[in-house]
Amino acid sequence: MINRRIVLAGVAALAFTASASAEDWKAKYPELTFAVVPAENASGVTERWTPFVNYLSKELGVKVTLRIANDYAAVIEGQRAGNIHIASYGSASFARARLTGVKTDAFANDINSDGSTGYYSVFFVKASSPYQKVEDLKGKNLGLVDPNSTSGNNVPRFELNKMGVTDAEAYFGKVVFTGSHENAVLALSQGTVDIAANQWTSDNDSTLAQMLTKGMLKNADGSPMKKEDFRIIHKSAPIINGPYAYNSDLPAELKSAIAKAFSEAPTKDKAAFDRLSDGQKKGFHPATTKDWDGTIDLIKFVDSLRKKAS
């Protein structure tokens, strides 16, 4: 009986300590900011992420506010300043954050429908064009996404280098940063660029697929475009899916609660989770910051190409 009382007292003490720890961090962080980059237009990002952010608020017991960053750099600088507590990063922007001293730790990334945790950078052209390979586009216009985009700038430059194109700005007639993955596809569909870099996981899981589903791409006569109207002329080696990361300085109990909420999302709020990827993801894979060490090497290499070109 005495032993049982001791055990029960210990359990009660642990429960009290856990509760007190939670109250401590909630008092310090009554509101958390979750930032995402604009892969699509602002209203699309809001509609996609708001249900999930509401789910996080419910699970964590504090208000979680969605912040749609202007670009990748804004997420990096927001975490550096401590104004962004949780962020959805691309692999390259996370690597850039770490290279420049941002205190950020990865805790998860997406699991694809087939169980993999990677995607690709591809070069798209319009299927009606004569271009069959990148070498056919010398002197033409290239659409990129953002300097800190993985599939929209850094991996494309790495792939071009493997083809002997060390200076994209000299090789193409014009290189345009469009600002988002959607804008890059739009620029291609409208003829502003002749080739566009973008992210692609599968035929049903890509920016192009999402835009076609939303009816955003039209032919000159106003009719909707189809997958068959675009052609991939080059696909990179697999890229690790970008991480979700929290500030390194957050309390351990809060970090644990955030990671737990993410891992349980597919079962606790399937609708909110499925909305993130139009049902194309299976869940969140536990990750660590070191998983992106290889991406840091890639960023350093691409930086060296830029220095040589300048």
Side-chain angles (χ1 to χ4, degrees), residues 25 29 32-40 44-62 64-69 72 75 79 84-95 97-98 104-120 150-151 181 199-202 204-207 209-210 238-248 250-295:
W25 71 252
Y29 296 95
L32 299 169
T33 299
F34 182 15
V36 298
V37 293
E40 54 192 323
V45 176
T46 301
E47 291 169 8
R48 188 174 299 281
W49 283 95
T50 294
F52 185 75
V53 169
N54 290 341
Y55 157 79
L56 287 180
S57 296
K58 178 182 175 184
E59 290 299 305
L60 297 176
V62 296
V64 180
T65 300
L66 176 66
R67 174 179 168 186
I68 304 170
Y72 292 80
V75 175
Q79 277 221 302
I84 293 172
H85 306 101
I86 314 167
S88 171
Y89 273 105
S91 290
S93 53
F94 181 65
R98 290 178 57 205
T104 181
D105 292 324
F107 63 89
N109 65 343
D110 292 322
I111 302 174
N112 302 327
S113 58
D114 64 358
S116 64
T117 56
Y119 68 113
Y120 302 88
T150 311
S151 62
H181 287 84
Q199 61 91 12
W200 185 92
T201 303
S202 68
N204 296 318
D205 188 359
S206 67
T207 297
Q210 290 174 356
I239 308 163
I240 184 173
N241 284 340
Y244 298 95
Y246 39 45
N247 283 11
S248 304
L250 293 180
E253 295 83 1
L254 174 52
K255 291 180 183 178
S256 178
I258 292 169
K260 183 173 184 287
F262 268 73
S263 68
E264 295 176 346
T267 51
K268 282 197 169 181
D269 197 335
K270 190 175 187 303
F273 172 76
D274 285 346
R275 184 69 189 88
L276 296 179
S277 65
D278 296 336
Q280 296 298 314
K281 304 296 183 188
K282 287 179 66 174
F284 295 109
H285 177 261
T288 65
T289 297
K290 289 186 68 65
D291 293 336
W292 283 267
D293 282 354
T295 313

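Heavy-atom basis, side chains included; hydrogens, waters and symmetry copies ignored.
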Legend entry - Ionic contact status for D274 with K281, cut-off 4.0 Å: no

Inset, instruction - Heavy atoms only: give me the nearest I240-S91 pair and the separation to one decimal. - result: O-OG, 2.7 Å

Inset, instruction - Flag the pair P243 / W292 as yes when at least one side-chain heavy-atom distance between them is below 4.5 Å, and no otherwise. - result: yes

Legend entry - Straight-line distance of F284 CZ to I111 CD1, nearest 0.5 Å: 9.0 Å

Inset, instruction - Working to the nearest 0.5 Å, report the span between CH2 of W49 and CD1 of I68. - result: 11.0 Å

Inset, instruction - Determine whether F262 and L56 make a side-chain contact, defined as any pair of heavy atoms from C-beta on separated by less than 4.5 Å. - result: yes

Inset, instruction - Looking only at non-hydrogen atoms, find the nearest pair between L60 and W25 and report the distance. - result: O-CH2, 3.4 Å

Inset, instruction - Measure the CG-CG distance between D205 and D114 for me, rounded to the nearest 0.5 Å. - result: 9.5 Å

Inset, instruction - Go through the steps for L32 and L254 under the test side chain to side chain contact (heavy atoms under 4.5 Å, CB included), then give the verdict. - result: CA-CA 11 Å; L32 299 169; L254 174 52; 4.0 Å; yes

Legend entry - Ring centroid separation H85 to Y29 under 6.0 Å: yes

Inset, instruction - Show your working on side chain to side chain contact (heavy atoms under 4.5 Å, CB included) between N247 and L250 and close with a plain yes or no. - result: CA-CA 6 Å; N247 283 11; L250 293 180; 3.8 Å; yes

Inset, instruction - May I ask you to test the D105-Y246 pair for a side-chain heavy-atom distance under 4.5 Å? - result: yes

Legend entry - Non-hydrogen atoms of A35 and V75 that approach each other most closely: CB-CG2, 4.4 Å

Legend entry - Exercise: do Y89 and Q79 side chains pair donor with acceptor under 3.5 Å: yes

Legend entry - S206 (side chain) donor-acceptor with Q199 (main chain) under 3.5 angstrom: no

Inset, instruction - May I ask you to decide if E47's main-chain N or O and T50's side chain share a donor-acceptor pair within less than 3.5 Å? - result: no

Inset, instruction - Starting from the C-alpha separation in whole Å, work towards a yes-or-no answer on salt bridge (Lys or Arg N to Asp or Glu O under 4.0 Å) for R48 and D278. - result: CA-CA 9 Å; R48 188 174 299 281; D278 296 336; 3.2 Å; yes

Legend entry - Any V37 side-chain heavy atom under 4.5 Å of V45 side chain: no

Inset, instruction - For Q280 and N112, test the side chains for any donor-to-acceptor distance below 3.5 angstrom and give the result as yes or no. - result: no

Legend entry - Any donor-acceptor pair under 3.5 Å from S256 side chain to A252 backbone: no

Inset, instruction - For the pair K268 (side chain) and E59 (backbone), establish whether a donor and an acceptor sit closer than 3.5 Å, ignoring hydrogens and angles. - result: no

Legend entry - Geometric class of the F52/Y55 ring pair [parallel <30°, tilted 30-60°, perpendicular >60°]: tilted

Inset, instruction - May I ask you to say whether D269 pairs ionically with K58, meaning some side-chain N is under 4.0 Å from a carboxylate O? - result: no

Legend entry - Spacing of S263 atom OG and H285 atom NE2 [to the nearest 0.5 Å]: 12.5 Å

Inset, instruction - Look only at the side chain of T33 and the backbone of I84, and say whether a donor-acceptor pair between them is shorter than 3.5 Å. - result: no

Inset, instruction - Report the relative orientation of the aromatic rings in Y244 and F107; use parallel for angles under 30°, tilted for 30 to 60°, perpendicular for over 60°. - result: tilted

Inset, instruction - First locate atom OG of S88, then atom CG of L66, and finally report the distance between them rounded to the nearest 0.5 Å. - result: 10.5 Å

Legend entry - Spacing of N204 atom CG and S113 atom OG [to the nearest 0.5 Å]: 8.0 Å

Inset, instruction - Please check if the side chain of R67 supplies one atom and the backbone of F34 the other of a donor-acceptor pair under 3.5 Å. - result: no

Inset, instruction - Please determine, by modelled atom types, if S151 and H181 share a side-chain donor-acceptor pair under 3.5 angstrom. - result: yes

Inset, instruction - Describe, in one word, how the ring planes of Y120 and W200 are oriented to each other, choosing from parallel (under 30°), tilted (30 to 60°) and perpendicular (over 60°). - result: tilted

Inset, instruction - Give a yes or no on whether a salt bridge exists between R98 and D293, defined as a side-chain N under 4.0 angstrom from a carboxylate O. - result: yes

